[in-house]
Amino acid sequence: MRKIYFLCFLFFLNNVFAQKKDKLNPIAVYEKVWQEHNSDVRLKLIKTIWLDDSTFEDPSASIKGAVALNNVINEFYKKFPDAILTSGSKVVKDNYVTWDWKILDSKNKLIMAGRDFARLNGKGQVSKIIGFWDQGVTLSESEILKNLETDNFKVVAKYYECLFKTRDFNVMATIIEEGAIYSQAEGLPYGGTYVGFNEWTKMYAKSSEFFDLEIEKEPVYFSDATKNEVIIYFTIKCKAKKSGKTLSMPISEHFDVKNGKITAIRSFYFDTKQFAEFLRSKK
């Protein structure tokens, strides 16, 4: 009987790993696409995973279709002909995949780095990719997908609820570690590094001087067991108090969680420069 249970368990594991591998196949092809220098060869590769309505967005481009993506990569290699692309391990949740990446030159000097989010259609093709840039990002070496029904996930979900739903800073304070670090992009009017929850609240107050916001798209959650990291990706819609203008902006926030408390948060805006200019613009 034990042997039967063991064989069933092995079958279950093989099935889980096979499903994950199937989902990662289009991402593996996508990475080969970016590593291919020949435009014609690359376009053929793109068409195996890209649909006419598949989209790609990052701070430099917003395009649809295979030819347009190929053109983006052609332009990239005109600027960085000796670029070498590397990527970290993938975190999978349903039909979403996220991973860190780096671009180095021939002398191993960092050109840029960031994180991509991909949405798959379940048929071996990519529906959408959104890329975030950050010069200071460090590749995650994670290899294990953590079940999202965990304490870490619940802690981050509670933080999100307190900040954007209930505005309950008293409850939020109970899940923030003493001396926790919050990093905001330096280009923002409230940018910088904030240490300790009291400093965090000052940052929240300062940011509220520049805009009002609402959640346009609720977050997608990812989790990484090896680094006690939780990542959320969501979209905010902001109204600038100086100009009265509105802007939608995707955001990725990376949480470090230890012993049931948040020890660090790093925020990445889809286009930090655009967001900073939006907040400072006048009527």
Side-chain angles (χ1 to χ4, degrees), residues 114-115 132-138 140 146 148 150-225 227-243 247-281:
R115 175 174 287 270
F132 291 83
W133 294 358
D134 184 79
Q135 289 285 351
V137 76
T138 301
S140 164
K146 191 175 186 179
L148 291 186
T150 63
D151 291 339
N152 286 355
F153 168 77
K154 292 174 183 177
V155 168
V156 174
K158 176 60 70 176
Y159 170 86
Y160 179 87
E161 178 185 7
C162 290
L163 182 59
F164 295 112
K165 306 292 185 180
T166 65
R167 302 297 293 177
D168 192 335
F169 285 180
N170 290 326
V171 172
M172 187 191 298
T174 66
I175 57 172
I176 307 300
E177 182 67 46
E178 183 178 353
I181 298 172
Y182 202 127
S183 301
Q184 289 278 14
E186 292 290 346
L188 298 174
Y190 51 90
T193 300
Y194 300 85
V195 181
F197 187 65
N198 287 338
E199 293 299 312
W200 290 26
T201 58
K202 293 177 184 178
M203 181 270 292
Y204 299 141
K206 187 174 182 180
S207 66
S208 68
E209 296 174 4
F210 291 90
F211 63 93
D212 294 315
L213 71 81
E214 62 183 71
I215 301 300
E216 188 170 79
K217 292 183 180 180
E218 292 292 332
V220 177
Y221 287 75
F222 300 87
S223 186
D224 183 340
K227 296 188 70 175
N228 286 322
E229 180 185 51
V230 177
I231 304 160
I232 64 174
Y233 164 62
F234 60 104
T235 302
I236 59 174
K237 184 176 182 181
C238 299
K239 182 176 181 179
K241 291 186 175 179
K242 287 187 177 181
S243 67
L247 176 71
S248 293
M249 179 65 61
I251 296 176
S252 165
E253 290 199 319
H254 299 213
F255 295 78
D256 292 335
V257 185
K258 185 177 181 180
N259 298 325
K261 291 193 175 184
I262 295 170
T263 61
I265 301 178
R266 300 175 301 282
S267 293
F268 299 94
Y269 294 78
F270 176 65
D271 190 332
T272 304
K273 181 179 179 181
Q274 180 191 18
F275 192 58
E277 291 174 349
F278 162 76
L279 296 179
R280 292 190 173 98
S281 64

Legend entry - Lys273, NZ: over 12 other non-hydrogen atoms inside 6.0 angstrom: no
Legend entry - Tyr233 side chain reached by Lys217 side chain, heavy atoms, under 4.5 Å: no
Inset, instruction - Could you grab the distance from atom NZ of Lys206 to atom CD of Gln184, nearest 0.5 Å is fine? - result: 11.0 Å
Inset, instruction - Please determine which of Phe197, Phe255, Phe164 meets the ring pair (Phe, Tyr, Trp, His ring centres under 6.0 Å) test together with Tyr159. - result: Phe255
Legend entry - Met249 CE to Leu279 CG distance, which is reported to the nearest 0.5 Å: 8.5 Å
Inset, instruction - Could you list the residues that satisfy side chain to side chain donor-acceptor pair (under 3.5 Å) with Glu161, not counting sequence neighbours? - result: Lys158
Inset, instruction - Please check if the distance between the ring centroids of Phe169 and Tyr204 is under 6.0 Å. - result: yes
Inset, instruction - Could you tell me which non-hydrogen atom of Val257 sits nearest to which non-hydrogen atom of Thr263, and how far apart they are? - result: N-OG1, 4.2 Å
Inset, instruction - Check for a donor-acceptor pair, side chain of Trp200 on one end and backbone N or O of Ile176 on the other, with a separation under 3.5 Å. - result: no
Inset, instruction - List for me each residue that meets side-chain contact (heavy atoms from CB on, under 4.5 Å) alongside Glu199, sequence neighbours excluded, and say none if there are none. - result: Tyr194, Lys202
Legend entry - Sub-4.5 Å side-chain heavy-atom contact between Val171 and Thr166: no
Legend entry - side chain to side chain donor-acceptor pair (under 3.5 Å) against Glu216, all qualifying residues, sequence neighbours excluded: Ser248
Inset, instruction - For Glu178, look at atom CD and say whether over 12 heavy atoms of other residues, nucleotides or ligands are found less than 6.0 Å away. - result: no
Inset, instruction - Answer yes or no: is there a side-chain heavy-atom contact under 4.5 Å between Lys258 and Glu177? - result: no
Legend entry - Matching residue for Phe275 among Phe268, Phe210, Phe211, Phe270 - test: ring pair (Phe, Tyr, Trp, His ring centres under 6.0 Å): Phe211
Legend entry - Spacing of Asp168 atom CG and Leu163 atom CG [to the nearest 0.5 Å]: 11.5 Å
Inset, instruction - Evaluate the side-chain proximity of Ile236 to Ile215: yes if any heavy-atom separation is below 4.5 Å, no if none is. - result: yes
Legend entry - Minimum-distance pair of heavy atoms, taken over all atoms of Gly260 and Val155: O-CG2, 3.4 Å
Inset, instruction - Could you pull out the closest heavy-atom pair between Val230 and Phe153, with the gap in Å? - result: CG2-N, 4.3 Å
Legend entry - Straight-line distance of Ile262 CD1 to Ile181 CD1, nearest 0.5 Å: 13.5 Å
Inset, instruction - Please name the pair of heavy atoms, one in Gly192 and one in Glu186, separated by the smallest distance, quoted to 0.1 Å. - result: CA-OE2, 3.6 Å
Inset, instruction - Identify the heavy atoms of Lys241 and Glu209 that sit nearest to each other, and give their distance. - result: CD-O, 3.5 Å
Legend entry - Closest non-hydrogen atom pair between Cys238 and Leu213, with its separation: SG-CB, 4.0 Å
Legend entry - Pairwise distance CZ(Phe132) to OG1(Thr272) - rounded to 0.5 angstrom: 9.5 Å
Legend entry - Between OG on residue Ser252 and CZ on residue Arg266, distance to nearest 0.5 Å: 9.5 Å
